[in-house]
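Data block below; observations after.
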There are 2 protein chains.
Amino acid sequence: MAVPEPKKDVCSFRRHQYLARAGEAQDHIYRLEEGWACRFRVLRDGRRQIVALFLPGELCEPQWLLSHRADLPVVALTPLRATTIGMDVADAHQQHRRDLLDPVYDAMLQALNRQAEWIVNLGRKTAAERICALIHDIFTRLRNNGRLIGDRFAMPLTQYDIADIVGLTPVHVNRVFKSLRREGIIDLKSRSMWIADPTAMQQLAAE
Amino acid sequence: MAVPEPKKDVCSFRRHQYLARAGEAQDHIYRLEEGWACRFRVLRDGRRQIVALFLPGELCEPQWLLSHRADLPVVALTPLRATTIGMDVADAHQQHRRDLLDPVYDAMLQALNRQAEWIVNLGRKTAAERICALIHDIFTRLRNNGRLIGDRFAMPLTQYDIADIVGLTPVHVNRVFKSLRREGIIDLKSRSMWIADPTAMQQLAAE
DNA sequence: CGTTTGTTTGAAATAACTCAACGGGAGTGG
DNA sequence: CCACTCCCGTTGAGTTATTTCAAACAAACG
């Protein structure tokens, strides 16, 4: 009996284009092939906080397969190429296709753990520790997805983006970067980053 | 054909007793009947951050059914009574028992949303806003579970606990409480809390 | 080539922290 | 029943990390 593989449509987004609006119904999730995206929340007075970061090679918002709904907006941080994974995969439930479902559950569990980690970062770490934690997290995830370029990796985030991830001011993010650079811990030019020592970086992140 | 209902064992814990240690394998989850618990993380230098709060009537760590593992420790904040929900419920997958599974998935989705909300609170809100958000969240959840006592509700958290939730110092938590009390927004005595106006409280939480 | 977006820096203001001390209440043991 | 301890709440004074405001500069962009 032939079970059809789920169909994968390709789609692309411009920078700052929405992948989902708050409250919108969703009948598919994304897998990012190229480019970065994030989920965020804006308070009434304009304060903005990014609550999830999606890197190339990762599943974006796997929990939509359970909730069928985007609770928060998702927007492209860079130009983006993605494939869609439709709800038909959710029917794998009935088809005993754990092989299709496991990556989705896995991504959900990872998301849950990463969010817990960010609560720790925001609640209990200094500015420098938060930024080092972010850099180390990005480095590790890009490496896991085979996205290192020599001893460097893409860092397309602006200092405003980073500020909205680590819960600081863009100005202060800039000062921390300046200090990390001065001490030779990182090198960052034209959206490409190098870090001297990943293990040392993890220490600085107070992991 | 008779499908057996999942068996529910009752168990109880003392305050500060662990429901799970970090990294431990788990073959069941809990439903809290009475008492509060939390998941937390301690950094090497002792800084502590609570990343999830579990109130009476709620499922505790539903994602264990997927991961079979406690990534972070869970501890009782008060004396605790709970029932267990075993892995056999996970087999509901194969039995098409969505009726058993839905509450679990629902709890997972709620946990995910609450965590996102806390990232916003910690990243972008002032001390008073964070504490009001916590009070409002607790009030709402207790009300949803029918745990209000007249116009009051149980608040067994110490100011140390609260500090570790909202990412502040116990001393500063105390000062914020003092100010909320002075303005007649809350009343708190002998572990029982009253709030003047839930809607106003939500406003103070910067929503 | 002008415009916009992002980075960098300085000086002053402030929210939250640290340190230190005291007081009350709840157990506990004599 | 008292004394002792421990935990928790409370308060004050001084310090610091981060923000705010303002401005200039660089880079990307159409």
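Proteins come first, then strands; the chains are lettered A, B, ... in the order of their sequence lines, and each starts at number 1.
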N/O (side chain, A/Arg15) to phosphate O (OP1/OP2, C/dG6) under 4.0 Å: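 The answer is yes; a side-chain N or O of A/Arg15 sits under 4.0 Å from OP1 or OP2.
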Ignoring backbone atoms, establish whether B/Arg191 has a side-chain N or O less than 4.0 Å from OP1 or OP2 of D/dG9. yes
Round to the nearest Å and state the distance from [X] atom [atom1] to [N] atom [atom2].
X        : N      : atom1 : atom2 : result
B/Met193 : D/dG9  : CE    : C1'   : 14 Å
A/Phe177 : D/dA26 : CZ    : P     : 20 Å
A/Leu188 : C/dT7  : CG    : P     : 9 Å

Cation-pi between A/Arg147 and A/Phe153: NZ/CZ under 6.0 Å from ring centre and within 45° of the ring axis?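 Judged by the rule, A/Arg147 and A/Phe153 form no cation-pi pair.
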B/Arg130 side chain to B/Lys125 main-chain N or O, any donor-acceptor pair under 3.5 Å?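 Yes; judged by distance alone, with no hydrogens or angles, the pair exists.
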Out of D/dT10, C/dC17, C/dT8, minimum distance to the side chain of B/Thr169 belongs to C/dC17
What's the closest nucleotide to the B/Tyr160 side chain, out of D/dG9, C/dA16, D/dT18?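 Out of D/dG9, C/dA16, D/dT18, the nucleotide with an atom closest to B/Tyr160's side chain is D/dG9.
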Could you go step by step and tell me if A/Trp64 and A/Val104 meet the side chain to side chain contact (heavy atoms under 4.5 Å, CB included) rule? CA-CA 10 Å; A/Trp64 287 352; A/Val104 174; over 6 Å; no
When all nucleic acid strands are considered with a 4.0 Å heavy-atom cut-off, which category describes B/Arg130: base, sugar-phosphate, or nothing?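 No contact at all - B/Arg130 keeps every heavy atom at 4.0 Å or more from the nucleic acid.
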Is there a donor on the side chain of B/Arg175 or the base of C/dT18 sitting less than 3.5 Å from an acceptor on the other? yes
On DNA chain D, more 5' by nearest nucleotide between B/Arg124 and B/His16 is B/His16
